[in-house]
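Given the structure is predicted, the values throughout are model-derived calculations rather than measurements. The sequence lines fix the lettering, A, B, ..., with proteins before strands; numbering per chain opens at 1.
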Amino acid sequence: MIDLKTLRDDPDAVRRSQRMRGEDERSVDRLLAADERRRSAVSRFDTLRAEQKQFGKQVGKARGEEREALLAKGKELSAEVKAADAEQQAAEAELLEAHMAVPNVVQEGAPAGGEDDYVVLEHHGEPPTFDFEPADHLDLGVKLGALDMERGAKVSGSRFYFLTGVGAQLQLALLNMAAAQATAAGFQLMIPPVLVRPEIMGGTGFLGAHAAEVYRLAEDDLYLVGTSEVPLAGYHADEILDLERGPKRYAGWSTCFRREAGSYGKDTRGIIRVHQFDKIEMFVFCKPEDADAEHQRLLAWEREMLDKIEVPYRVIDTAAGDLGSSAARKFDCEAWVPTQQAYRELTSTSNCTTFQARRLGVRYRDEQGRPQTAATLNGTLATTRWIVALLENHQQADGSVRVPEAMRPFLGMDVLQPR
RNA sequence: GGAGGCGUGGCAGAGCGGCCGAAUGCAUCCGCCUUGAAAGCGGAAGACCCGCAAGGGUCCGGGGGUUCAAAUCCCUCCGCCUCCGCCA
């Protein structure tokens with residue numbers, strides 16, 4: 001939810017943001033109107049209720065006939081208060097709905113437009129050249145005995161897979177390397193629940209436009225998380241944090257579940273786009289004024305990880321329309337995938353400013369000791385998908401795959417050999 | 001799955017349907033005392049909303065109800081605890 005005070009002060013800034021996202025500006029005016037309506041409903045109720053409270057005290061003292069008369073009048077007042085209360089609640093519900101409909105205000109500097117309007121900030125490393133026909137990650141994975149898609153489909157359906165033997169070891173090595181880096185950088189490692197309540201899923205913004213992406217267990221009214229961002233964001237819900245000693249940084253290790261509705265036919269081969277994968281996600285709570293600098297730090301940590309697996313990548317500044325409702329700015333790192341002759345997303349870091357924290361009730365105390373809404377940020381440190389870039393970029397003519405230097409201590413192998 | 005109990009401020013813990021935003025203790029903060037500290041003494045201190053302010057209102061797990069009036073009575077949901085059963 002955006003800050004209503006800044007909305008009142010500068011509604012045009014929010015309208016501008018909506019234009020950059022390619023979204024309806026009228027939802028801004030609806031929100032302003034709903035805010036106005038609620039405020040007048042609140043003061044009407046407050047006035048009436050004050051009257052009723054005063055009146056109630058008189059009834060308590062009165063005796064006999066006087067008391068009877070007062071009781072009758074009290075009934076009338078009671079009805080009025082009840083009506084005002086109902087009006088206030090209706091106004092509040094309307095406000096909430098209008099509030100939820102407005103996405104975060106896009107940060108200054110982010111490119112306007114949709115999915116294809118990103119700006120490439122930087123290229124890092126050169127795409128490898130092969131003196132043989134490079135195999136794709138699935139062929140490589142099968143030959144290495146690392147990956148079994150067929151049995152994944154047999155057991156669970158399309159977009160499911162088994163990581164087998166060295167494949168499982170590879171994923172563990174990757175995630176362990178990420179966990180080690182995060183821990184060394186001062187993050188607290190977390191293994192969170194992957195089933196969450198509706199209010200947590202909603203509070204993190206995943207039940208809006210992305211609702212169709214989320215698995216729901218109807219029987220228990222729980223949701224399977226698509227990223228540990230969800231439980232980590234919810235971790236401090238309704239708390240007032242002490243951020244005096246700096247940001248609270250968490251690294252969540254979890255399995256992630258995504259329905260991939262509406263992506264039929266896209267990336268059907270291999271493990272690029274799957275219903276279930278593992279990920280280490282950085283998640284930060286900090287003061288709003290520190291959020292930009294923290295965002296740059298998260299990006300730097302992501303790049304440090306990418307350097308460790310020695311793949312070429314580029315960094316893009318995601319366009320406003322592709323940010324998702326919670327983010328004000330988002331940077332993706334995309335690794336080169338040789339057989340696709342394309343860059344594919346391996347990491348994504350978002351600055352959600354106070355948008356997500358406001359909904360979740362995560363606050364901190366400022367210098368004056370006043371509670372203020374915190375800022376939240378997130379970023380990827382490693383996922384199952386990284387295996388794609390790793391296998392393809394480091395493959396050799398005989399079908400073996402060179403293990404990047406930094407990963408060797410975690411994997412205990414220098415090269416993966418076909419079976 | 002069955003039976004029972006509990007849910008109050010940072011924590012602990014009181015609270016006859018009106019005088020309760022709520023006793024008390026601990027912790028916190030500010031004074032005094034002290035060379036400094038501890039102890040002791042005095043004081044301050046919740047969150048949210050409306051309002052320029054003065055001020056007003058809401059909040060005793062969530063929601064609903066009874067009543068002129070609810071932390072206090074009723075219903076319901078959620079959470080926690082204990083016992084029994086069942087099973088990783």
Donor-acceptor side-chain pairing of [X] and [Y] below 3.5 angstrom:
X: A:T339; Y: A:E392; value: yes
X: A:Y223; Y: A:R197; value: no
X: A:N104; Y: A:S326; value: no

When you compare the side chain of [Y] with that of [X], does any pair of heavy atoms fall below 4.5 Å?
X: A:L170; Y: A:L416; answer: yes
X: A:S350; Y: A:L323; answer: no
X: A:F283; Y: A:F187; answer: no

At under 4.0 Å, does any side-chain N or O of [X] touch on OP1 or OP2 of [N]?
X: A:R365; N: B:rA47; value: yes
X: A:R8; N: B:rC50; value: yes
X: A:R38; N: B:rC50; value: yes
X: A:K5; N: B:rC50; value: no
X: A:S43; N: B:rG51; value: no

Are any protein N/O atoms closer than 3.5 Å to N/O atoms in nucleotides 74-78 of chain B? If there are, list each pair with its distance.
unit_1, atom_1, unit_2, atom_2, d
B:rC78, O3', A:R197, NH2, 3.4

Under the side-chain hydrogen bond (donor to acceptor under 3.5 Å, both in side chains) definition, can you give me all pairs with a residue in residues 152-178 of chain A, not counting sequence neighbours?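 Residue pairs passing side-chain hydrogen bond (donor to acceptor under 3.5 Å, both in side chains), neighbours aside: A:Q171-A:T384.
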Just name whichever nucleotide pairs with [N], Watson-Crick or G-U, keeping both distances under 3.5 Å, else none.
N: B:rC33; value: none
N: B:rC16; value: none
N: B:rU28; value: B:rA44
N: B:rA39; value: none

With A:M20 as reference, evaluate A:D117, A:V106, A:V105 under the side chain to side chain contact (heavy atoms under 4.5 Å, CB included) test and give the passing residue.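 With A:M20 as partner, side chain to side chain contact (heavy atoms under 4.5 Å, CB included) holds for just one option, A:V106.
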Do you know which of A:M177, A:Q181, A:E281 makes side chain to side chain contact (heavy atoms under 4.5 Å, CB included) with A:L381?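 The option that passes is A:Q181.
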Taking the [atom1] atom of each, how far is [N] from [M], in whole Å?
N: B:rU58; M: B:rG51; atom1: C1'; result: 15 Å
N: B:rC52; M: B:rG46; atom1: P; result: 23 Å
N: B:rU24; M: B:rG18; atom1: C1'; result: 23 Å
N: B:rA12; M: B:rU76; atom1: P; result: 28 Å
N: B:rG9; M: B:rA47; atom1: P; result: 14 Å
N: B:rC75; M: B:rA88; atom1: P; result: 38 Å
N: B:rG5; M: B:rA53; atom1: C1'; result: 50 Å
N: B:rG21; M: B:rC26; atom1: P; result: 25 Å

Mind calculating the distance between CG (A:L96) and P (B:rC48) to the nearest angstrom?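 About 18 Å, once rounded to whole Å.
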Atom NZ of A:K82 and atom P of B:rA70: how far apart are they, to the nearest Å?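 A:K82 atom NZ is separated from B:rA70 atom P by 11 Å.
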Could I get the full list of side-chain hydrogen bond (donor to acceptor under 3.5 Å, both in side chains) partners for A:T383, not counting sequence neighbours?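 Per chain and number, A:T383 pairs via side-chain hydrogen bond (donor to acceptor under 3.5 Å, both in side chains) with no residue.
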Closer than 4.0 angstrom, basic N to acidic O: yes or no for A:E244 and A:K287?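 Here A:E244 pairs with A:K287 in a salt bridge, since their nearest N and O are under 4.0 Å apart.
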In a table with atom names and distances, give each donor-acceptor pair under 3.5 Å that connects a side chain of residues 93-102 of chain A to protein atoms at least two apart or in another chain.
unit_1, atom_1, unit_2, atom_2, d
A:E94, OE1, A:R37, NH1, 2.4
A:E94, OE2, A:R37, NH1, 3.3
A:H99, NE2, A:I2, O, 2.7

RNA chain B-proximal residues of residues 234-245 of chain A, any heavy atom under 4.0 Å: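 Heavy-atom cutoff 4.0 Å gives no residues at all.
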When every nucleotide of nucleotides 54-64 of chain B is labelled 5' to 3' by its protein contacts under 4.0 Å (heavy atoms), B for base, S for sugar-phosphate only, - for none, what sequence of letters results? --BSS-----S
Go through A:T349 and A:N378 one step at a time and tell me if the side chain to side chain donor-acceptor pair (under 3.5 Å) criterion holds. CA-CA 5 Å; A:T349 179; A:N378 61 76; 5.6 Å; no
